[in-house]
Engineer: 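Quick one: this structure, given as structure tokens, is what I'll be asking you about.
Protein chains get the first letters and strands the later ones, always in sequence-line order, with residue 1 at the start of each. Worth knowing before you read on, the calculation uses all heavy atoms, side chains too, and leaves out hydrogens, waters and symmetry mates.
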Amino acid sequence: MIDIEKCNDDHIDDHVDEEIFNCLNLKNLKSFFLFAGAGSGKTRTLVSVLERFRDQNYQQLQLNGQRIAIITFTNAACEEIQRRLDYDPLFSVSTIHSFIWELIREFDKDIREWLDANLNNQIDDLKLQLSKGRKGTKTYVDRVKSLEIKEKRINNLENIKHFTYNPSGLNQSKESLSHSEVISIGAYFLTNKPLMGKILVRKFPILLIDESQDTNKELINAFFEVERKNNNIFSLGLFGDTMQRIYSDGEVNLGNSLPDSWSKPVKKMNHRCPPRVIKLINKIRSTVDGQEQRERTDKNEGFVHMFILHSKTDKRNAEKKVVQRMAEITGDPKWEIVDADYTTLILEHHMAANRLGFIDMFEPLYKNDKLKTGLLDGSLSGLQFFTRIILPIVEADEIGDKLKITNITREYSNLLKFQKGERDQLLRISKARGAVDKLLSLWDDSKDPTCIDILQCVAELNLFEIPDSIFPLSVKEKKEELISEEITADGKSDVLIAWFESLNAPFSQIRAYDSYINDKSRFMTHQGVKGLEFPRVMVIIDDSEARGFLFSYEKLFGVKDKTEADKKNENEGKDTSIDRTRRLFYVTCSRAEESLAIVAYSTEPELVKKHVIQEGWFNESEVEILNVQ
DNA sequence: CGACTATATTTTTTT
DNA sequence: AATATAGTCG
């Protein structure tokens with residue numbers, strides 16, 4: 001009897017699909033806010049409702065030349081939804097940035113006007129700051145530079161026929177808008193230019209927004225405005241969970257003051273996490289809004305375990321130990337080091353670089369603003385030289401795959417680009433083979449050559465073309481010249497010095513970097529895992545290693561007291577850094593499908609232990625202070 | 001020397 | 001957006 005009731009529990013959210021489907025009636029469109037927590041099957045709802053909608057309305061939309069827009073926060077989420085909708089062109093699935101860009105890109109004249117006004121404001125601000133600030137400091141120099149750039153840009157505005165959107169640190173063209181400009185322009189146009197709203201509604205009668213709690217607040221309010229003006233002919237559908245708001249420009253009170261006409265379905269189930277994890281996240285949430293998720297009846301209980309270590313512990317050893325303990329506790333061999341399959345969540349990228357061992361090549365490039373984005377998305381040509389040519393050759397050599405080496409060489413090497421009807425092809429092939437062998441001899445006796453060594457070797461052999469960005473480093477004994485360039489310190493030598501420092505790292509770091517950037521490693525950031533799920537999750541918490549200032553786990557865990565700013569925010573009913581950290585903690589914990597390990601480095605392990613037990617997050621038996629050398 | 005002020009630090013988003 | 005630290009003023 002009880003079992004049957006429980007089984008039905010797994011389906012308590014089924015009515016939600018129906019409710020949303022009813023909003024999407026083209027004759028009388030209605031907006032909705034779906035409260036959908038972690039693992040609530042939000043994407044499944046989205047997909048099944050849209051498929052049903054398509055079956056009934058395909059022709060009419062086709063006839064009107066209309067589509068359904070679904071906008072997501074990250075590319076990962078965008079791809080996932082596209083895939084699950086079978087890449088049907090009826091659905092325009094895009095990130096919020098590309099969606100807004102597509103909306104505004106034709107309006108060059110209006111963009112120019114907006115930019116002119118916006119740049120003028122910024123220039124005024126900068127001038128004010130310059131007049132108040134101290135001279136000769138780094139910030140002063142940066143401000144002067146920034147002012148120059150902005151003045152140049154504003155003077156050049158009238159020459160720009162078409163604006164573009166390809167902001168990457170290095171080759172940012174004069175025509176390009178930045179990420180935040182695109183969003184701000186979109187919000188401004190939607191609010192102040194009625195035509196824009198009409199175009200939007202005409203093209204996309206239905207607009208669904210994933211992770212709406214993190215959508216830029218000006219923009220989300222602009223969408224609300226469009227919705228208000230287009231009752232019944234436009235449906236705005238928001239999917240979100242306020243507890244998972246982890247970016248600072250989301251609308252704080254989203255969902256609190258929605259018009260009565262909106263449908264407000266709530267999903268209660270969590271289909272992802274095991275009962276023990278759900279108990280934990282409900283508890284973490286209890287002081288915020290008391291919303292509780294229900295567990296599935298068909299899941300194993302699952303595991304949560306917290307390991308507390310002193311901040312000065314050796315982290316590699318500590319985390320090895322944690323993994324061993326998790327294997328013992330859960331009896332799950334996938335926590336074992338031998339065939340490990342768990343995901344480690346770090347707060348900031350450099351924490352992954354430390355753990356995967358590529359910090360030496362990472363840090364110099366990361367510090368340089370022009371190289372930072374390219375480093376993180378793997379698009380730097382100077383690194384692709386190593387990751388796409390050298391690394392595959394080295395890996396092919398390790399398994400003795402001669403054919404693969406030849407293929408890579410043929411694809412990239414100058415030595416194997418034949419003229420038509422050229423003679424002596426065999427000679428050149430053997431020459432190229434000899435050159436590759438020479439290059440590979442750098443790894444003889446299990447040596448780990450530096451990237452500079454490899455670069456110079458390749459240059460000497462004339463084996464592969466060397467990207468412009470690192471070409472100056474391919475000439476041997478260039479070091480002194482670099483240092484003299486440093487003294488002149490123009491922008492370009494900054495970049496070159498960063499490259500020089502980075503490429504002094506051993507090549508093995510390139511392999512580690514490549515695995516991280518191309519998602520082959522087990523590491524992800526706390527903020528980057530939004531919407532994702534993994535069977536085994538290890539959350540690394542370490543304020544002392546983190547550099548940012550947005551989150552403070554030491555405060556959340558009761559080690560550090562509330563600051564004046566926290567008390568002030570609390571009194572004014574505003575978000576405090578503790579609230580913010582709690583939400584991030586909630587997001588990371590709610591990724592786990594089977595077992596969850598929290599690894600907290602603290603200056604006061606005993607205090608942390610006391611606090612997390614007192615909060616009711618963990619039982620005594622689930623918390624251990626590890627002493628690792 | 002105490003009091004005050006300026007500065008640096010992070011995540012995600014594109015073609 | 002919050003705070004530790006470095007720097008400056010009286």
Side-chain angles (χ1 to χ4, degrees), chain A residues 71-79 94-102 104-105 129-143 162-173 175-186 210-211 213-217 219 244-250 252 345-353 363 366-367 369 372-374 376-379 524-532 542-552 554-555 560-570 574-581 583-584 587-588:
Chain A
I71 54 190
T72 63
F73 193 79
T74 63
N75 284 308
C78 175
E79 277 158 34
S94 53
T95 62
I96 185 91
H97 287 81
S98 47
F99 181 80
I100 296 297
W101 170 237
E102 288 306 318
I104 64 171
R105 63 182 300 168
Q129 282 177 313
L130 275 173
S131 69
K132 285 201 301 191
R134 293 172 192 146
K135 299 194 169 126
T137 59
K138 185 180 171 289
T139 311
Y140 182 83
V141 176
D142 287 349
R143 277 175 183 156
H162 294 297
F163 290 94
T164 62
Y165 181 26
N166 46 5
S168 85
L170 259 187
N171 45 12
Q172 178 151 19
S173 56
E175 296 85 15
S176 182
L177 302 171
S178 74
H179 296 305
S180 62
E181 281 166 351
V182 167
I183 297 297
S184 301
I185 292 172
D210 192 20
E211 306 281 8
Q213 77 280 356
D214 275 324
T215 307
N216 174 278
K217 48 176 152 334
L219 189 58
Q244 294 186 66
R245 183 168 56 82
I246 53 174
Y247 291 97
S248 49
D249 63 352
V252 180
L345 306 185
I346 37 81
L347 189 59
E348 294 160 10
H349 296 298
H350 68 96
M351 292 166 77
E363 196 66 51
Y366 186 77
K367 274 195 291 194
D369 280 342
K372 189 185 240 163
T373 41
L376 292 175
D377 68 13
S379 65
M524 309 205 84
T525 61
H526 289 191
Q527 278 151 294
V529 291
K530 193 146 77 122
L532 304 179
D542 189 348
D543 283 0
S544 60
E545 196 182 357
R547 300 164 177 172
F549 52 85
L550 284 173
F551 306 105
S552 169
E554 292 280 56
K555 271 195 230 164
K560 277 193 188 164
D561 290 334
K562 289 176 189 169
T563 58
E564 289 307 313
D566 291 324
K567 286 174 193 158
K568 185 169 169 271
N569 283 334
E570 209 173 58
K574 283 189 193 156
D575 213 27
T576 67
S577 60
I578 300 175
D579 297 329
R580 200 161 45 223
T581 309
R583 292 196 301 268
L584 190 64
V587 168
T588 55

Engineer: How long is the line joining CG of A:Asn569 and C1' of C:dT3, in whole Å?
Structural biologist: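 From A:Asn569 CG to C:dT3 C1': 13 Å.
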
Engineer: What is the distance, rounded to the nearest whole Å, between atom CZ of A:Phe551 and atom P of C:dA2?
Structural biologist: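 Distance check: A:Phe551 CZ to C:dA2 P gives 12 Å.
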
Engineer: Between A:Lys555 and C:dT3, is there a side-chain N or O to OP1/OP2 distance below 4.0 Å?
Structural biologist: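 So the side chain of A:Lys555 is within the cut-off, an N or O lying under 4.0 Å from OP1 or OP2 of C:dT3.
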
Engineer: Of all the nucleotides listed (C:dT3, B:dT14, B:dT7), which has the minimum atom distance to the side chain of A:Asp566?
Structural biologist: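 Shortest atom-to-atom distance from the side chain points to C:dT3.
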
Engineer: Could you state the CD-C1' distance from A:Glu181 to B:dT15, rounded to the nearest angstrom?
Structural biologist: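 Roughly 17 Å, once rounded to whole Å.
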
Engineer: Distance check needed: C:dT3 P versus A:Phe549 CZ, whole Å only.
Structural biologist: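 Taking atom P of C:dT3 as the reference, CZ of A:Phe549 is at 10 Å.
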
Engineer: In whole Å, I'd like the distance from the CZ atom of A:Arg245 to the P atom of C:dA1.
Structural biologist: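 Going from CZ in A:Arg245 over to P in C:dA1 covers 11 Å.
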
Engineer: Atom CD of A:Glu554 to atom C1' of C:dA2: distance rounded to whole Å?
Structural biologist: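 After rounding, the reported distance stands at 16 Å.
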
Engineer: Answer yes or no: is there an ion pair linking A:Lys560 with A:Asp543, defined by an N-O contact shorter than 4.0 Å?
Structural biologist: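 No.
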
Engineer: How would DNA chain B look in dot-bracket form, 5' to 3', counting Watson-Crick and G-U wobble pairs with both distances under 3.5 Å and writing | for bases paired to another strand?
Structural biologist: |||||||||......

Engineer: Between A:Lys562 and A:Glu570, does any NZ, NE, NH1 or NH2 come within less than 4.0 Å of an OD or OE carboxylate oxygen?
Structural biologist: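 Yes, charged N to carboxylate O under 4.0 Å.
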
Engineer: For the backbone of A:Asn166 and the side chain of A:Ser176, can you confirm whether one donor and one acceptor N or O come within less than 3.5 Å of each other?
Structural biologist: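 Yes, the answer is positive, given that a donor and an acceptor are paired below the 3.5 Å cut-off.
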
Engineer: Any protein N or O atoms within reach of nucleotides 11-13 of chain B? Criterion: under 3.5 Å, listing atom names and distances.
Structural biologist:
from, atom 1, to, atom 2, distance (Å)
B:dT11, OP1, A:His349, N, 2.7
B:dT11, OP2, A:Tyr366, OH, 2.4
B:dT11, O4', A:Gln527, OE1, 3.4
B:dT11, O2, A:Gln527, NE2, 3.3
B:dT12, OP1, A:Thr525, OG1, 2.8
B:dT12, OP2, A:His349, NE2, 2.7
B:dT12, O4', A:Tyr247, OH, 3.2
B:dT13, OP1, A:Asn75, N, 3.3
B:dT13, O2, A:His97, NE2, 2.8

Engineer: Could you walk me through whether A:Glu211 and A:Lys530 pass the salt bridge (charged side-chain N to carboxylate O under 4.0 Å, His left out) check?
Structural biologist: CA-CA 9 Å; A:Glu211 306 281 8; A:Lys530 193 146 77 122; 3.7 Å; yes

